[in-house]
Amino acid sequence: MSDGRQNGTAVCPGSYDPVTNGHLDIITRTSAVFERVVVGVVNNPIRKQKTLFTAEERRAFIEEATTSLDNVEVQTFSNLLVEFARELDAVAIVKGLRAISDFEYEFEMAQLNRKLDPDMESIYMIASPQYSFLSSTGVKEMATFKGDVSDLVPDAVAAAMADRLGER
Ligand code: PNS
């Protein structure tokens, strides 16, 4: 590609339960820097409780929200992140970083991933200020109590959360 983007593939991994506008901001910004972006939706996140949405549902929400980004695709994965990234021949793992509270967790993840594969670089993109407070957990909590999440997640996600959490 001769448009100034970095050659190669970047992986944007996460649980995305569900995707928020903050995640989409990171994915969009990564797609402006790298030739190809694969959003990796982890099938069964080990450290999280049971997910609200299935991996296929989480993948489909991101797919729908990124249709206008030609160089972005979305896949689920069930193996180690570094293995998934290697299979894709990725040059880097890109994640968003919000506040100091993210740092400790992400520091551990980056070091773990480096230990597993010293050649796979982890790159952190600082969250845009308007999304620096936004988390999947936060929007699920708001939606549980019927708070307005329309500015925080895609419309399809807001509707699906209202349905799913309304069932409880
Ligand atoms: O921010 P998230 O949603 O907790 O991130 C999920 C993921 C897979 C990116 C993070 O847990 C990670 O970097 N894990 C590294 C260890 C690994 O590969 N685990 C396998 C999938 S749980």
Side-chain angles (χ1 to χ4, degrees), residues 8-31 33-34 36-66 72-144 149 152-154 156-157 160-161 164-165:
T9 299
V11 179
C12 288
S15 316
Y16 299 108
D17 185 43
V19 69
T20 68
N21 290 347
H23 292 129
L24 292 169
D25 179 58
I26 297 293
I27 294 165
T28 304
R29 288 163 57 199
T30 305
S31 79
V33 176
F34 286 90
R36 173 177 177 241
V37 176
V38 177
V39 180
V41 177
V42 65
N43 210 340
N44 285 313
I46 297 286
R47 296 189 188 216
K48 313 260 159 100
Q49 291 170 335
K50 192 179 170 338
T51 55
L52 179 61
F53 295 106
T54 65
E56 182 44 36
E57 286 170 328
R58 287 178 275 135
R59 194 199 62 75
F61 289 138
I62 304 171
E63 181 96 53
E64 190 184 333
T66 56
V72 173
E73 60 196 84
V74 193
Q75 296 184 21
T76 58
F77 70 100
S78 304
N79 50 349
L80 279 173
L81 171 58
V82 289
E83 282 172 6
F84 175 66
R86 254 195 321 252
E87 282 162 17
L88 294 163
D89 216 9
V91 294
I93 293 165
V94 179
K95 291 197 80 180
L97 196 64
R98 292 164 302 187
I100 298 171
S101 51
D102 275 347
F103 182 79
E104 207 169 313
Y105 173 74
E106 294 299 346
F107 186 81
E108 183 186 342
M109 287 302 132
Q111 301 293 15
L112 268 179
N113 289 330
R114 177 181 293 279
K115 172 101 183 81
L116 292 167
D117 185 347
D119 295 328
M120 187 58 67
E121 202 56 73
S122 293
I123 299 176
Y124 285 88
M125 198 173 260
I126 299 296
S128 297
Q130 68 271 36
Y131 301 125
S132 57
F133 64 94
L134 185 53
S135 69
S136 299
T137 306
V139 293
K140 281 184 283 195
E141 187 167 341
M142 286 173 73
T144 300
V149 294
L152 308 178
V153 294
V157 171
M161 277 198 299
R164 185 83 31 111
L165 293 165

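When a ligand or atom number is given, it counts from 1 through the structure's own listing order. We number each residue from 1, following the sequence as shown. Being a predicted model, the structure only gives us computed values, none of them experimental.
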Given D102, L80, N113, N43, which one has a non-hydrogen atom that is nearest to atom 19 (N) of ligand 1?
L80

Compute the centroid of each ring, for F61 and then for F53, and state whether the two points are separated by less than 6.0 Å.
yes

Among non-hydrogen protein atoms, atom 12 (C) of ligand 1 lies closest to M109 SD, 3.3 Å

Which residue owns the protein heavy atom closest to atom 6 (C) of ligand 1, what's the atom, and how far is it?
G14 CA, 4.0 Å

Would you say K140's side chain and D17's backbone share a donor-acceptor pair under 3.5 angstrom?
yes

With a cut-off of 4.0 Å, which atoms of ligand 1 are near a heavy atom of L81?
9 (C), 13 (O), 17 (C), 18 (O)

Considering only non-hydrogen protein atoms, determine which one is nearest to atom 3 (O) of ligand 1 and report residue, atom name and distance to 0.1 Å.
S15 OG, 2.6 Å

Check whether Y124 reaches the backbone of E106 with its side chain - one donor and one acceptor, N or O, closer than 3.5 Å.
yes

Can you sort out which atoms of ligand 1 are near K95, meaning under 4.0 Å from one of its heavy atoms?
1 (O), 2 (P), 5 (O), 9 (C)

Per-atom filter on ligand 1: closer than 4.0 angstrom to a heavy atom of P13 are 9 (C)

Are side-chain N/O atoms of D25 and Q130 paired as donor and acceptor at under 3.5 Å?
no

Does F133, at its CZ atom, have more than 12 non-hydrogen atoms belonging to other residues, nucleotides or ligands within less than 6.0 Å?
yes

Can any side-chain N or O of S128 pair as donor or acceptor with the backbone N or O of Y131 at less than 3.5 Å?
no

Within the structure, does N79 bring an N/O atom to less than 3.5 angstrom of an N/O atom in ligand 1?
no

Can an N or O of Y16 be found at a distance shorter than 3.5 Å from an N or O of ligand 1?
no

Which label fits F77 and F84: parallel for a plane angle under 30°, tilted from 30 to 60°, or perpendicular past 60°?
parallel

Which residue supplies the protein heavy atom nearest to atom 8 (C) of ligand 1, what is that atom called, and how far is it?
F77 CZ, 4.1 Å

Would you say that more than 12 heavy atoms from the other residues, nucleotides or ligands in this model lie under 6.0 Å from the CD of E64, or not?
no

Give the atom numbers and elements of ligand 1 that come within less than 4.0 Å of a heavy atom of V42.
21 (C), 22 (S)

Do any N/O atoms on Y105 end up under 3.5 angstrom from N/O atoms on ligand 1?
yes

